[in-house]
Each structure stands twice: as C-alpha cells, then as structure tokens.
Amino acid sequence: MGAADVACCAPLTREPLSAEAAAGLARTLKAVADPARLRLLSLVAAHEGGEACVCDLTEPVGLSQPTVSHHLKVLVEAGLLTRDKRGVWAYYAIVPEALNALSAVLAAPSGAIDRPAT
C-alpha cells in the first residue's frame, strides 16, 4: 500500500484504522520519517518546474549520489514521488495526490481533539 492508497482510509479521529490500513500508513510514514528524505521531498517540491534531477539534489543534502538515489527510490516506492529516466539522469516529481491523502488521514477536524492536556 503506497501513499495514494492511504486515501481510502478515514482520518484517525473518525474511526480506528484497520490492521491493513495501519500497516500501509506505517510504511508511508516510515518513508518520510528520515530527515534526508523530508529534505529531498521539500527540495523536489520547491524546485523550478516541480521536478528535480538527482544531480541537483546531492549537494543540498550533503550526501553522495548513490545515497540520495537510495532515498529517492524509497520515496518512489512509497508513492510520494515519480521517477522519469532521461538519458543518464533520473528526474523526480512530487505526487500531489499522495501528499494530500497522507495529510487527510492525519488531519483532525476542527474540535475533534478537545481533550485537556495531561
């Protein structure tokens, strides 16, 4: 289950997740739980034209090209990025629907969580 599949799941505050939905959501969250991957998502999203070549991403994150490629592969497998091979380089773009689905699952409707702090 990739990030796009998370859209089928109700927000956490509306009903409990099924075991299958929780496992899929956990895989997606695990993909973004790494600081380098979060930076890469941000860099790709903010890049001119909405896509970035792997060659443009190594210097900003301070990692080697193979390490950056590995992180990008994890994000592609999670459904958060797409990959387009052009010659010797790969270009990555955000999958907006996947990010929207992930945020929708985690979003709490107004007033849904009005519990006193302990």
[X] to [Y] - nearest heavy-atom pair and separation:
X     : Y     : value
Ala31 : Ala78 : CB-CB, 3.6 Å
Ala21 : Leu17 : CB-CD2, 4.1 Å
Leu81 : Val95 : C-CG2, 3.7 Å
Val44 : Ala93 : CG1-CA, 3.8 Å

Legend entry - Same apolar cluster: Val61 and Ile94, side chain cutoff 4.5 Å: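 Same cluster: Val61 reaches Ile94 through Ile, Leu, Val, Met, Phe, Trp or Tyr contacts under 4.5 Å.
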
Inset, instruction - Report whether Val32 and Leu43 are members of the same hydrophobic cluster (ILVMFWY, side-chain heavy atoms less than 4.5 Å apart, transitive linking). - result: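 Yes, because Val32 and Leu43 connect within a single hydrophobic cluster, where side-chain heavy atoms sit under 4.5 Å apart.
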
Separation between [atom1] of [X] and [atom2] of [Y], rounded to the nearest 0.5 Å:
X     : Y     : atom1 : atom2 : value
Glu51 : Arg83 : CD    : CZ    : 13.0 Å
His47 : Tyr91 : NE2   : OH    : 9.0 Å
Lys30 : Thr28 : NZ    : OG1   : 12.0 Å
Asp56 : Trp89 : CG    : CH2   : 8.5 Å
Gln65 : Leu72 : CD    : CG    : 9.0 Å

Inset, instruction - Identify which one of Leu80, Val54, Thr82 satisfies the side-chain contact (heavy atoms from CB on, under 4.5 Å) criterion when paired with Tyr92. - result: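 The side-chain contact (heavy atoms from CB on, under 4.5 Å) with Tyr92 is passed solely by Val54 among Leu80, Val54, Thr82.
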
Inset, instruction - State, yes or no, whether a side-chain contact exists between Leu29 and Leu102 at a heavy-atom distance under 4.5 Å. - result: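 When only atoms from C-beta onward are counted, Leu102 and Leu29 do touch, with a gap below 4.5 Å.
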
Legend entry - Minimum side-chain heavy-atom gap Leu57-His71 below 4.5 Å: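 Heavy-atom side-chain distance check fails, nothing below 4.5 Å.
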
Legend entry - Arg39 (side chain) donor-acceptor with Pro60 (main chain) under 3.5 angstrom: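 It does hold such a pair.
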
